K.L.:
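Supplied in structure tokens, the structure appears directly below.
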Amino acid sequence: MNDYVGADGDTVKLLRECDAGIKMGISSIDDVVDEVKNDNFRELLNESRAQHQKLANEIVGLLVEHGDKGKDPNPMAKSMSWIKTSVKMMADHSDETVADLMTDGCNMGVKSLAKYLNEYQSADEKSKDITKRLVEIEDRLSTEIRPYL
């Protein structure tokens, strides 16, 4: 792993965090989408997954340009998310539970991304724009699934 410093370092670090966040988001959607009973809700999740994947492809391209392989989600965070999802779904196998889990995930993603935007202020505008677009995707999903809470 490269130790980046300066503006290029902030750019790569921000892109890595977006990469890990998108992987976590896609994984979370994959964990629940087949359990959703409402067709419109399932379609919202599938559309969001497609938006995440499209942005993920852009991020990978930029990371490759910077000679970086990206970042996987923290294994502990991913495990804890999976456990929380599994336990909640076992207790209440409803669309409301899925909406609640997804809302929590979106909110955590937005919070983390805002933190990274503040932390990596020297990142280039392209990586900041991608981060902001990811925040918009997360915000939009959180808003659109409110009727299912």
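Numbering starts at 1 and runs along the sequence shown. Bear in mind the structure is a predicted one, so any value in this text is a computation, not a measurement.
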K.L.:
Scan side-chain atoms only and decide if R140 and Q51 contain a donor-acceptor pair under the 3.5 Å cut-off.
P.N.:
yes
K.L.:
Any donor and acceptor pair, going by atom type alone, linking the side chain of S28 with main-chain N or O of M24 inside 3.5 Å?
P.N.:
yes
K.L.:
Please check this pair: side chain of S127 against backbone of A123, looking for a donor-acceptor N/O pair closer than 3.5 Å.
P.N.:
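Not a single qualifying donor-acceptor pair exists.
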K.L.:
Check V36, V98, L44, L45 against I29 for a side-chain contact (heavy atoms from CB on, under 4.5 Å) and give me the one that passes.
P.N.:
L45
K.L.:
Between the main-chain N or O of K71 and the side-chain N or O of R16, is there a donor-acceptor pair closer than 3.5 Å?
P.N.:
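Side chain of R16 to backbone of K71, a donor-acceptor pair under 3.5 Å: no, none is there.
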K.L.:
Treating T11 as the side-chain partner and D124 as the backbone partner, does any N or O pair qualify as donor plus acceptor under 3.5 Å?
P.N.:
yes
K.L.:
Are M89 and M108 connected in a single hydrophobic cluster, I mean Ile/Leu/Val/Met/Phe/Trp/Tyr linked by side-chain heavy atoms less than 4.5 Å apart?
P.N.:
no
K.L.:
State whether the side chain of E138 and the backbone N or O of V135 hold a donor-acceptor pair below 3.5 Å, judged by distance alone.
P.N.:
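No: the side chain of E138 does not pair with the backbone of V135.
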K.L.:
If you measure from the Lys or Arg side-chain nitrogens to the Asp or Glu carboxylate oxygens, is any gap between K128 and E125 under 4.0 Å?
P.N.:
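Yes, this pair counts.
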K.L.:
To the nearest 0.5 Å, tell me how far S48 OG sits from L141 CG.
P.N.:
4.0 Å
K.L.:
Looking at V12 and H66, what are the two nearest heavy atoms and their distance?
P.N.:
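So the two residues come closest at CG2-CB, 3.6 Å.
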K.L.:
Taking everything shown except K37 itself, do over 12 heavy atoms lie less than 6.0 Å from its NZ?
P.N.:
yes
K.L.:
Evaluate salt bridge (charged side-chain N to carboxylate O under 4.0 Å, His left out) for K132 paired with D129, printing each intermediate quantity in order.
P.N.:
CA-CA 5 Å; K132 291 172 187 173; D129 176 64; over 6 Å; no
K.L.:
Is a donor on one side and an acceptor on the other found under 3.5 Å between the side chain of S81 and the backbone of A77?
P.N.:
no
K.L.:
Is there a donor-acceptor pair under 3.5 Å between the side chain of D92 and the backbone N or O of T97?
P.N.:
no
K.L.:
Using a strict cut-off of less than 4.0 Å between a Lys/Arg side-chain nitrogen and an Asp/Glu carboxylate oxygen, indicate whether D104 and K84 qualify as a salt bridge.
P.N.:
yes
K.L.:
Any ion pair linking E119 and K13 (charged N to carboxylate O, less than 4.0 Å)?
P.N.:
no
